[in-house]
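Along the sequence shown, residues carry numbers from 1. Side chains included, hydrogens not; waters and symmetry mates left out as well; all remaining heavy atoms used.
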Amino acid sequence: GEAKGALGWRKPMKWATAGAFADLFQFLPELLPTIAFPFIVAHDPEDKVCFYAGSKLLMSEAKTPAKDKNLVNVAGGLHDCFTNKREKTVGEFAAFFSQQMKGR
C-alpha cells in the first residue's frame, strides 16, 4: 500500500515482488555469514525505510575482516545518503576504496 511521506510504495505491491522479499528474508540469516568480501555501507541511523539494525547485523555477521568492512553513520542522510549528505558519503567511500587499493 501507499506510505505517508516522501518515500514509499505508490502502487500496490505485486505478488511476485512480495514473494521475492519473503524468500530473501527467510534465507538472509543463512546468507550473511557467507559474505567474505570488502564492503562499505552508508546508513542514516534514523532511516525509516531500511532499518539501521540491518546494517549493524550485516557488520556483525559477515565474515569479512574488520579492516575490510565499514559502516558509515550518515546522520540526516535519511534513505538517500548520496543525495542528502553527498560530501560526507562520497568522502567516506573514496577513503575506503583508496585504503582497499593500497597494496593490491
Asks: May I have all residue pairs that pass salt bridge (charged side-chain N to carboxylate O under 4.0 Å, His left out) and include part of residues 18-44, sequence neighbours excluded?
Replies: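 Checked against salt bridge (charged side-chain N to carboxylate O under 4.0 Å, His left out) - neighbours excluded - no pair reaches residues 18-44.
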Asks: Taking only residues at least two apart or on different chains, which pairs with a member in residues 45-66 satisfy salt bridge (charged side-chain N to carboxylate O under 4.0 Å, His left out)?
Replies: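 Qualifying pairs: E46-K48.
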Asks: Can you list the residues that meet the side chain to side chain donor-acceptor pair (under 3.5 Å) rule with N84, with sequence neighbours excluded?
Replies: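 So N84 forms no side chain to side chain donor-acceptor pair (under 3.5 Å) with any residue.
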Asks: In the structure I gave you, are the side-chain heavy atoms of F96 and V72 within less than 4.5 Å of one another anywhere?
Replies: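 The answer is no; the side chains never approach within 4.5 Å.
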Asks: Is there a side-chain contact between L57 and L32, using heavy atoms and a 4.5 Å cut-off?
Replies: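 Yes, at least one pair of side-chain atoms sits under 4.5 Å.
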Asks: Of all the heavy-atom pairs spanning Q100 and K67, show the shortest one and how long it is.
Replies: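 So the minimum-distance heavy-atom pair works out to NE2-O, 3.7 Å.
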Asks: Listed by chain and number, what are the side-chain contact (heavy atoms from CB on, under 4.5 Å) partners of K69, not counting sequence neighbours?
Replies: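 F39, M59, A62, T64.
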Asks: Considering residues at least two apart in sequence or located in another chain, which fulfil the side chain to side chain donor-acceptor pair (under 3.5 Å) criterion with T83?
Replies: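 Side chain to side chain donor-acceptor pair (under 3.5 Å) check on T83 returns D80.
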Asks: To the closest 0.5 Å, what do you measure between CG (N73) and OG (S55)?
Replies: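 If I round to the nearest 0.5 Å, the distance is 9.0 Å.
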Asks: Would you say L24 and I35 are hydrophobically clustered, going by side-chain heavy atoms of ILVMFWY under 4.5 Å?
Replies: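 Yes, L24 and I35 fall within the same hydrophobic cluster.
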Asks: Main chain of A75, side chain of H43: is a donor-acceptor contact present, judged purely on distance under 3.5 Å?
Replies: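 Checking the backbone N and O of A75 against the side chain of H43, no donor-acceptor pair under 3.5 Å is found.
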Asks: With sequence neighbours excluded, tell me which residues meet ring-ring contact (aromatic ring centres under 6.0 Å, His included) with F51.
Replies: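 Per chain and number, F51 pairs via ring-ring contact (aromatic ring centres under 6.0 Å, His included) with no residue.
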Asks: Compare all side-chain heavy atoms of V41 with those of N70 and state whether any distance is below 4.5 angstrom.
Replies: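 The answer is no; the side chains never approach within 4.5 Å.
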Asks: With K88, which residues qualify under salt bridge (charged side-chain N to carboxylate O under 4.0 Å, His left out), at least two apart?
Replies: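 Counting only residues at least two positions away or on another chain, K88 forms a salt bridge (charged side-chain N to carboxylate O under 4.0 Å, His left out) with E92.
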Asks: Linking Ile, Leu, Val, Met, Phe, Trp and Tyr through side-chain heavy atoms less than 4.5 Å apart, which residues share a cluster with W15?
Replies: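 Members alongside W15: none; it stands by itself.
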Asks: Check whether any side-chain heavy atom of D68 lies under 4.5 Å from a side-chain heavy atom of F37, and answer yes or no.
Replies: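 Sidechains of F37 and D68: no contact.
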Asks: For T89, what residues pass the side-chain contact (heavy atoms from CB on, under 4.5 Å) criterion, not counting sequence neighbours?
Replies: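 T89 satisfies side-chain contact (heavy atoms from CB on, under 4.5 Å) with A42, V74, C81, F82, K85, F93 only.
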